[in-house]
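Data block below; observations after.
As the structure is a computational prediction, the values presented were derived from the model and not from experiment. What you see below is based on every heavy atom in this structure, not just the backbone, and it leaves out hydrogens, waters and symmetry mates.
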Amino acid sequence: MAKRDYYDVLGVSRKASEREIKRVYRKLARKYHPDVNPGDSEAEAKFKEVTEAYEALSDPKKRRQYDQFGHQPSASATAEGAGPGFGFDFGPFTEFGRGGLGGIRDIFSDLFGGQPGTPTAPQKGEDLHYSIDVDFDDAIRGLSTEIVLQKHVLCDICQGSGAEPGSAPQPCPECGGSGRRQISRGTLSMTSTCPRCHGGGKVVLKPCRTCGGRGMVYRTERIKVKIPPGVDTGSRIRLTGKGEPGKNGGPPGDLYVTTRVHPHRFFERKGDNIYCTISVTITEAALGARVEVPTVDGKATMTIPAGTPSGRIFRLRDKGVPYLKGGGRGDQYVTVQVVVPQNLDERSQQLLREFSRLNPMDPRGDLKI
């Protein structure tokens, strides 16, 4: 079967940058790595294919050679030991984790945490995510509350070892306690997670009856959460160490609580500022007045200057949302809406006509159609 084009294998264009090629390879390597797909021969073949493609395209010299000759060897590529087909030396792939991997070794270190070939090293537990609904006022002031979630915790009986009290895990006879096994496919040799101990390097001969040898149990927990003042929809609060337990003595993961803030019936929030609209009478707008305005801190007094038109916006300093990181707060913007009286009696109509006669004006005089 003819080899697939390396660019097609990675799913990138021929003009792709080295950075893009590396990014795509990291994603594919994580997806098809044997540690992630134990016993899956198809995933293993995919992994080898994308790794070979990356080795060719990540090296500028090899990439130029491939762009010119494809999988067919050039005169310079058919050096001794290059073998049939495209003349790259894939010797560095003889064993992952023992040198010769260059940039690929660094990639696997990033993907799987720590150096390749050390599955028994302590590993941090997985992070957990939780969404919580918060009232508008609570988002402004902050609050302390509790959330209930189900998560794994270390077994109280075996203290996370997975072994029945009085016994202890033993080195895995399959891998000798390394947690790895070596797989050879022709000229390509690589190591993968041991299928018996799943990379832990130890097996439990007498499993704990409480957790079944897993070392963890699934439990409902109540966790206290402090919501700081100023959160908005999408804000995240990190609770260190409240995630899933670590492996091989590693630290637990973290819990991220994401807030969803309910809208308010009167206030509208935009960033750290608050907006609202209040109604004033014609008399208040014309003569001026001092009126009470609702704020998130209670009522405040605001001065309406004489001759205020409908739609004018006033600012109340420091009446907005507290800055999430502290150091002040936003403002409140108040829009004035002049209310026209309805169902006037005859006397009121006469007064308005008299007012109009004494104060002639044409508000549409500057319109030019």
Distance-only check: which donor-acceptor pairs under 3.5 Å involve side-chain atoms of residues 130-139, not counting sequence neighbours?
| unit_1 | atom_1 | unit_2 | atom_2 | d |
| --- | --- | --- | --- | --- |
| D133 | OD1 | R260 | NE | 2.9 |
| D133 | OD1 | R260 | NH2 | 3.2 |
| D135 | OD1 | H262 | ND1 | 3.4 |

Less than 4.5 Å apart, any side-chain heavy atom of [X] and any of [Y]?
X    : Y    : value
L57  : L10  : yes
V203 : P173 : yes
M216 : C155 : no
C197 : C175 : yes
I274 : D331 : no
E52  : Y6   : yes
V225 : S144 : no
Y333 : N273 : yes

Take T301 and V293, measure what side-chain contact (heavy atoms from CB on, under 4.5 Å) needs, and give me the verdict at the end. CA-CA 6 Å; T301 301; V293 179; over 6 Å; no
Tell me the side chain to side chain donor-acceptor pair (under 3.5 Å) pairs involving residues 226-246, sequence neighbours left out?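 Of all non-adjacent pairs touching residues 226-246, those that pass side chain to side chain donor-acceptor pair (under 3.5 Å) are H152-E244, R238-D254.
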Over all heavy atoms of both residues, which pair between [X] and [Y] is shortest? Give the atoms and the distance, please.
X    : Y    : value
S17  : R63  : C-NH1, 4.5 Å
M361 : P363 : O-CD, 3.7 Å
G162 : V204 : O-CG1, 3.3 Å

So, do Y54 and Y25 have ring centers that fall under 6.0 Å from each other?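 Centroid separation for Y54 and Y25: below 6.0 Å.
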Please name all residues satisfying side-chain contact (heavy atoms from CB on, under 4.5 Å) with [X], sequence neighbours left out, ordered by chain then number.
X    : value
V153 : K151, V217, R219, E221
Q159 : none
A300 : T295
A286 : none

For [X], is the [atom1] atom crowded, meaning more than 12 foreign heavy atoms sit under 6.0 Å from it?
X    : atom1 : result
K124 : NZ    : yes
Q349 : CD    : yes
N343 : CG    : no

Should E44 and K48 count as an ion pair when the cut-off is N to O under 4.0 Å?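 Judged by the 4.0 Å cut-off on N to carboxylate O distance, E44 and K48 do form a salt bridge.
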Show which side-chain atoms of residues 305-324 pair as donor or acceptor with protein atoms under 3.5 Å away, not counting sequence neighbours.
| unit_1 | atom_1 | unit_2 | atom_2 | d |
| --- | --- | --- | --- | --- |
| T308 | OG1 | P305 | O | 2.6 |
| S310 | OG | V338 | N | 3.1 |
| Y323 | OH | R329 | O | 3.2 |

Spatial distance of atom [atom1] ([X]) from atom [atom2] ([Y]) [nearest 0.5 Å]:
X    : Y    : atom1 : atom2 : value
T220 : L149 : OG1   : CG    : 8.0 Å
S279 : E284 : OG    : CD    : 10.0 Å
C276 : F267 : SG    : CZ    : 6.0 Å

Which pairs, with at least one residue in residues 7-17 and sequence neighbours excluded, count as a salt bridge (Lys or Arg N to Asp or Glu O under 4.0 Å)?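 Only D5-R14, R14-D67 qualify under salt bridge (Lys or Arg N to Asp or Glu O under 4.0 Å).
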Please enumerate all residues that pass salt bridge (Lys or Arg N to Asp or Glu O under 4.0 Å) together with [X], with sequence neighbours excluded.
X    : result
K299 : E292
R209 : E164
E268 : none

Report the C-alpha separation of T281 and V339 in whole Å, then their side-chain angles, then the decisive distance to 0.1 Å, and conclude whether the side-chain contact (heavy atoms from CB on, under 4.5 Å) test is met. CA-CA 5 Å; T281 66; V339 178; 6.0 Å; no
Side-chain donor/acceptor of T51 to backbone N/O of F47, under 3.5 Å: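 The answer is yes, because a donor-acceptor pair under 3.5 Å joins these two groups.
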Under the side chain to side chain donor-acceptor pair (under 3.5 Å) test, residues paired with R222 that sit two or more places apart: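 Residues passing side chain to side chain donor-acceptor pair (under 3.5 Å) with R222: E146.
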